[in-house]
2 protein chains.
Amino acid sequence: MTTAIDILNSHNIRPSVQRIAILKYLLEHRIHPTVDDIYLALNPTMPTLSKTTVYNVLRNLVENGAVLALTIDEKNVRYDADTNSHAHFRCQCCGELYDIEQPTMALGNTTGFEIENVHVYYWGKCPKCVQIRNKE
Amino acid sequence: MTTAIDILNSHNIRPSVQRIAILKYLLEHRIHPTVDDIYLALNPTMPTLSKTTVYNVLRNLVENGAVLALTIDEKNVRYDADTNSHAHFRCQCCGELYDIEQPTMALGNTTGFEIENVHVYYWGKCPKCVQIRNKE
DNA sequence: TTTCATTTTTGTAATGATTACACTTTTAAT
DNA sequence: ATTAAAAGTGTAATCATTACAAAAATGAAA
């Protein structure tokens, strides 16, 4: 099992208390939290934590490829510690954000472009909301 | 050629002067503009136009499927009048946003999910920026 | 272990996109 | 022409994010 410290080290990010806490939270809560989610979750046990630090740390983690920033939610950026290839699904009923298997893709003509990164975002109804609708 | 009015009518949106102007601008300027881009472009010839109206009209267009909202840019939502299936590429050097051919995708296991919409976002270097880097 | 430079964190203030809201104007049907 | 509904407008509020300067922590050198 890879710990937060290992991940920080392997991305050349010095493992400060705050960085460890934030990455640890992301690793243990795969809910694609927003900055606010993270701040509110950690604040009780780290009262001195500043929201600016959460922003700073996350920018650092994203820039160094340790964490993904998801822009599927128009309001807030969401963060994901799972950097393996996978897609995301956002339910238009309940707003929930799910991990979903990455489709196998045959790229079209992308001549001249150097592609470094792909994000696939789905929108629709999640299983829970489909069921609720069918019961009505 | 489909006009702005045709598109509005076919999506059951009443064709007001402002709606026509905004959709026409989107149809004729395939640059994925932001709200501000659109407002600044139209303001000279429509001095009474309000930015709130631009927001309202775009929300209406998106909700009725006449226009796409792109969240590839973390700062602003960008709008696209091309609702045909295509992907988007954002250059990490110059920030430019390109249309790009939609990959042919074989969906993985999405049992239970009702998928209504897919967006594929690419990041990397655009041909211009690749060239510039190679010349250095 | 003291010193000092560098990095990191912190809190407050600013920014900037978006929305709320109340009022005015336009539209379309009678 | 009258009138009710829809659409547009301008200002003020909201809220995520960033800027910035001061404080704290870190780590290397003496």
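Residue numbers begin at 1 in each chain, while the letters A, B, ... track the order of the sequences. All heavy atoms count here, side chains included; hydrogens, waters and symmetry mates do not.
Within the 4.5 Å cutoff, no side-chain heavy atoms of A/Cys126 are placed close to those of A/Cys93.
Here D/dT18 presents its C1' atom at 13 Å from CD of A/Glu63, a figure rounded to the nearest Å. The OH atom of B/Tyr55 sits 14 Å away from the C1' atom of D/dA13 (whole-angstrom rounding).
A/Asn60 and A/Asn64 are linked by a side-chain donor-acceptor pair at a separation below 3.5 angstrom, with hydrogens and angles left out of the test. Checked by atom type, the side-chain pair B/Asp99/B/His32 shows a donor-acceptor distance below 3.5 Å.
Here chain A contacts DNA chain C (any atom closer than 4.0 Å to a heavy atom, that is under 4.0 Å), and the contacts span C/dT7 to C/dT19 from 5' to 3'.
For the atom pair OG1 (A/Thr104) and CG (B/Leu107), the distance works out to 8.5 Å, reported to the nearest 0.5 Å.
B/Ile20 and B/Pro15 get closest at one heavy-atom pair: CD1-O, 3.6 Å.
Checked against side-chain contact (heavy atoms from CB on, under 4.5 Å), B/Thr34 has the following partners two or more places apart in sequence or in another chain: B/Asp36, B/Asp37, B/Asn76, B/Arg78.
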ask   = Could you run down nucleotides 3-10 of chain D 5' to 3' and tag each one B, S or - for protein heavy-atom contact under 4.0 Å?
value = ---SSSBB

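When each of A/Trp123, A/Phe89, A/Tyr121 is checked for a ring-ring contact (aromatic ring centres under 6.0 Å, His included) with B/His119, only A/Trp123 meets the rule.
Judged by distance alone, the side chain of B/Asp6 and the main-chain N or O of B/Thr3 form a donor-acceptor pair under 3.5 Å.
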